[in-house]
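Because only heavy atoms are used, hydrogens play no part in the values below, and waters and symmetry mates are left out as well, while side chains stay in. Both counts, for ligands and for their atoms, begin at 1 and track the order of listing. Along the sequence shown, the residues carry numbers beginning at 1. The model shown is predicted, which means the values in this text are computed figures rather than measured ones.
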Amino acid sequence: MTPGLGHKLKEALLAIVGPEGFSEALIDMVSYSGDASEHSHRPQAAVWPRNAQEVAAILSLANQERLPVVPRGAGTGLAGAVVPVRGGLVMDLARMNRIREISLADRLVVVEPGVVFAQLQTALAPSGFSFPPDPASGKVATLGGNVATNAGGLQGAKYGVTRDYVLGLEVALADGSLMRTGSRCMKSVSGYDLTGLMVGSEGTLGVVTEITLKVVPKPPLSATASASFGDLRQAGDAIRQIMSSRFTPSVLEILDAECIKVLNRHAGQSLPEAAAMVLAEADGYTEQETDLQIRQITQAFAENDAQNIALAQSPEEAQQFWAARKAIGGTLFSLNNTMLAEDVTVPLSKVTDMLVGIGETARRNGVLIATLGHLGDGNLHPNLIIDGRDPDQLARAHRAAAELFALAVELGGTLTGEHGIGLAKASFMPLEHDETAMRMMRQIKRTFDPHDILNPGKMGL
Ligand SMILES: Cc1cc2nc3c(=O)[nH]c(=O)nc-3n(C[C@H](O)[C@H](O)[C@H](O)COP(=O)(O)OP(=O)(O)OC[C@H]3O[C@@H](n4cnc5c(N)ncnc54)[C@H](O)[C@@H]3O)c2cc1C
């Protein structure tokens, strides 16, 4: 059992956040023990600060007391990054959920970290602007979490990831000081890029208390096409042709044979059984623009022996095409009690090799791996679905995941394109980063957080 906090420490925290901002109740500790990964560990207490000053005061106290603090958004992470492995405090930022400013003249918004991704999109919708990196968890995940994990989404190839939109931050540091990084400008080369350092740092360097995000106009029109392929290599060749053309699809997704089977059996779909189904979207400002792009894409499908090539004839039909893609995440999660949702990413020219390698890894280890992916940016999601109560299945799944990491790195790729390192991939960091890079990362961590109180035990640091 995780011990509670001492009386004096508890009183000091209560003096900062008040009784409504503090809990040691078992029910809260259980709720805060995990995220959407298989990892879990209970904290000793939870705090709900209301502003940056409270966050800073809590950190200052925790630093003196050497008490671990884990900042938490919505807990949708898939890498165990928010699991309080060394106990201590969970700092839930849900109460800091105001959109402070929307300035279309400056093309930016200023938000608190607890604002949910979808809340911002709803607020921006009337203006026709958006913050494009759209994680599938966007109805729940917070912008603080998105920044801390450098979240990405379906539109990564054309519109980039969270990092490309963060102009500036306010961050509470381990010693309780508040730091402003970046600016409200579209360009700045003033000093080291502290904003960039914070993005994707998984709560290990500071707690983000305010975010200035660039927003962009959303093209009003889109065209959607789909096709199936009898062979993964043909799908890979079609993708290579599309991505080496002069057009960038706004979305380019793949569902492999396992995903197709699962959707047909468990989600009421009737997709043609094939090695892969590819869905593409092209966006733009006129029909001529979207039409030109989507025809390039369908031509690439046809030239690489695709079957069932279809072009959505209306927005409603496009929605039907996307229904399968939208259903797959939840359907896969419901198949068994444990899913290792990986997100290896490889250079575009190596996508086919990775897809083929995933199939071989599944067969070699006797594990069901259903793969979907964002083909336009090389980010693949092999989902290892098992009964996690069976130690043999668990061991085989972990072995398969390790093999996938090794293959991705061998192909010039990375362990993670969007979910982050957290706990799940911490021990694999040296596979991707050389000794010097690891040493520099450890030194950066020590500079920001000399007593290792901020989300300790993560990222292999
Ligand atoms: C069904 C499902 C689909 C998903 N789809 C995607 C996807 O398409 N793309 C994608 O990128 N991810 C996806 N994810 C993963 C996850 O949703 C993202 O990583 C998301 O950005 C996490 O946001 P959160 O608010 O839930 O953060 P949490 O899980 O609460 O925290 C994640 C990390 O951020 C840190 N953190 C949170 N807030 C702060 C803060 N204010 N300051 C400093 N550190 C902080 C935490 O300490 C932790 O290290 C998916 C997850 C699920 C369950």
Side-chain angles (χ1 to χ4, degrees), residues 31-32 34-37 39 43 49 52 55 59 68-85 88-97 111-119 132-156 161-163 166 169-174 198-211 251 253 325-334 339 341-343 345 372-374 377 379 381 383 416-424 426 448-449 454-459:
S31 306
Y32 283 139
D35 57 5
S37 74
H39 302 275
V55 171
L59 290 182
V69 178
V70 182
R72 184 179 173 102
T76 66
L78 288 163
V82 86
V83 175
V85 264
L89 281 184
V90 162
M91 181 186 278
D92 184 338
L93 294 141
R95 288 190 184 167
M96 294 176 64
N97 63 355
V111 297
E112 294 180 347
V115 171
V116 169
F117 174 88
Q119 186 188 338
D134 55 342
S137 53
K139 284 195 179 133
V140 183
T142 65
L143 292 170
N146 294 168
V147 168
T149 57
N150 189 20
L154 298 193
Q155 302 191 19
V161 295
T162 300
R163 172 169 284 129
V166 186
L169 295 170
E170 179 188 61
V171 185
L173 300 180
M198 287 295 154
V199 177
S201 64
E202 301 185 5
T204 61
L205 300 179
V207 179
V208 174
T209 52
E210 186 190 273
I211 307 160
V251 185
E253 293 287 299
R325 175 61 186 84
K326 286 193 177 143
I328 188 66
T331 311
L332 292 178
F333 265 111
S334 70
M339 181 164 105
E342 302 303 347
D343 64 326
T345 303
L372 52 138
H374 318 308
D377 57 20
N379 184 190
H381 292 298
N383 296 293
T416 171
E418 52 186 30
H419 298 162
I421 295 292
L423 273 183
F448 277 87
D449 181 19
L454 278 167
N455 204 3
K458 304 294 163 58
M459 290 177 80

Please check this pair: side chain of D343 against backbone of G417, looking for a donor-acceptor N/O pair closer than 3.5 Å. yes
Smallest separation among heavy atoms of T209 and V171, with atom names: OG1-N, 4.0 Å
Could you tell me whether a side-chain N or O of E418 sits under 3.5 Å from a main-chain N or O of N379, the two making a donor and an acceptor? no
Kindly indicate, with the supporting measurements, whether the criterion side chain to side chain contact (heavy atoms under 4.5 Å, CB included) is fulfilled by E170 and V208. CA-CA 6 Å; E170 179 188 61; V208 174; over 6 Å; no
Partners meeting side chain to side chain contact (heavy atoms under 4.5 Å, CB included) with A141 (sequence neighbours left out): T76, S137, N146
Would you say H374 and E253 are linked by a side-chain donor-acceptor pair, where the criterion is simply a distance under 3.5 Å? yes
I'd like the contact residues of ligand 1, where contact means a heavy atom below 4.0 Å. A36, P71, R72, G73, A74, G75, T76, G77, L78, A81, V82, L93, P113, P135, A136, S137, A141, T142, G144, G145, N146, A148, T149, A151, G152, E202, G203, G206, V207, V208, E418, H419, N455
